[in-house]
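All heavy atoms count here, side chains included; hydrogens, waters and symmetry mates do not.
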Amino acid sequence: FTITQGTACSKLYKKSIIQKYEVVFDETIVVSEDLLFNLNYVFYCGSLVFTKSKLYGYRQRADSAIHSNTSKNWLSKLKVYNILSKKYVNNSVYPHILYHYLKNLYEANYLLRKKDIFLELKEIAG
């Protein structure tokens, strides 16, 4: 399951697989769209090749979508895991998908509760 994670920029894809199986990015998803694309792509691959060579530099920005804890981002992640859990229910990756789905549900719940508590304290402090 970890082979599907990370950015799409850190992988090479066969155009023929993308075209034949119509593997595309879901433009309604703002976070974890790479995970959905990668898992959908890998589903149609007969084999994978890995290298330990560092061929790509990845710069992270503090203001990027992935580092923002907005409800829109959490809903996007949950949408991805919901799609994956339905599509791969009878596949060996299902337990991994379910684990991450539940983990993200828990984290979203925690952050939303934390945010509500912070807002309540702010109101009390005036």
Side-chain angles (χ1 to χ4, degrees):
F1 185 69
T2 57
I3 62 170
T4 61
Q5 295 177 336
T7 66
C9 299
S10 66
K11 295 159 186 57
L12 296 174
Y13 304 92
K14 278 190 174 181
K15 184 178 177 181
S16 59
I17 292 174
I18 291 171
Q19 290 177 328
K20 181 177 180 179
Y21 299 103
E22 299 178 356
V23 180
V24 296
F25 280 93
D26 183 336
E27 294 181 16
T28 66
I29 298 174
V30 294
V31 174
S32 296
E33 71 280 6
D34 291 343
L35 172 61
L36 182 59
F37 178 87
N38 288 335
L39 199 52
N40 287 334
Y41 177 85
V42 167
F43 184 77
Y44 298 109
C45 292
S47 62
L48 302 170
V49 177
F50 298 90
T51 179
K52 290 186 179 185
S53 300
K54 295 182 180 182
L55 304 172
Y56 177 77
Y58 181 68
R59 181 180 294 170
Q60 293 190 20
R61 295 185 342 262
D63 62 340
S64 69
I66 194 68
H67 292 103
S68 175
N69 285 330
T70 66
S71 57
K72 181 179 178 183
N73 290 356
W74 282 105
L75 290 174
S76 181
K77 282 184 183 182
L78 295 175
K79 180 179 178 180
V80 167
Y81 286 110
N82 187 33
I83 292 167
L84 293 174
S85 67
K86 289 176 183 175
K87 184 171 184 174
Y88 297 101
V89 69
N90 294 318
N91 191 291
S92 63
V93 300
Y94 181 75
H96 302 284
I97 292 168
L98 186 60
Y99 167 79
H100 288 283
Y101 192 8
L102 294 174
K103 180 181 172 204
N104 277 279
L105 277 171
Y106 176 79
E107 289 173 357
N109 182 44
Y110 172 77
L111 288 171
L112 289 173
R113 291 174 140 226
K114 184 178 172 184
K115 186 177 181 181
D116 288 342
I117 291 169
F118 177 74
L119 291 174
E120 288 176 23
L121 291 174
K122 191 175 178 182
E123 287 177 16
I124 292 170

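- Across all non-hydrogen atoms, the minimal contact from Glu33 to Asp26 is CB-O, 4.5 Å.
- Tyr41 and Val49 are members of different hydrophobic clusters when ILVMFWY side chains are connected at heavy-atom separations under 4.5 Å.
- Residues Tyr101 and Leu84 are not in side-chain contact: their nearest non-hydrogen atoms beyond the backbone lie 4.5 Å or more apart.
- Listed for the Tyr88 side chain is a donor-acceptor partner under 3.5 Å among the backbone atoms of Leu39.
- Note that CZ of Phe37 is 15.0 Å distant from OG of Ser32, once rounded to the nearest 0.5 Å.
- Residues Tyr13 and Asn38 are in side-chain contact: their nearest non-hydrogen atoms beyond the backbone lie under 4.5 Å apart.
- Residues passing the ring pair (Phe, Tyr, Trp, His ring centres under 6.0 Å) test with Tyr99, sequence neighbours excluded: none.
- Follow the hydrophobic side-chain contacts under 4.5 Å out from Tyr106 and you never reach Val31; the two are in separate clusters.
- Placement of Leu12 and Phe43 in two distinct hydrophobic clusters is found when ILVMFWY residues are connected by side-chain heavy-atom separations under 4.5 Å, directly or transitively.
- Listed for the Asn82 side chain is no donor-acceptor partner under 3.5 Å among the backbone atoms of Leu78.
- Distance alone, capped at 3.5 Å, places no donor-acceptor pair between the Tyr44 side chain and the Ile18 backbone.
- Atom CG in Leu36 sits 9.0 Å away from atom CZ in Phe25 (nearest 0.5 Å).
- Separating the CG atom in Leu35 from the NE2 atom in His100 is a distance of 8.5 Å, to the nearest 0.5 Å.
- Across all non-hydrogen atoms, the minimal contact from Ser85 to Ile97 is N-CG2, 3.7 Å.
- In this structure, Asn40 CG and Tyr21 OH are separated by 13.0 Å, a value rounded to the nearest 0.5 Å.
- The OH atom of Tyr94 sits 15.5 Å away from atom NZ of Lys87, with the distance rounded to the nearest 0.5 Å.
- Taking every heavy atom of both residues into account, Cys45 and Ile17 meet most closely at SG-CD1, 4.0 Å.
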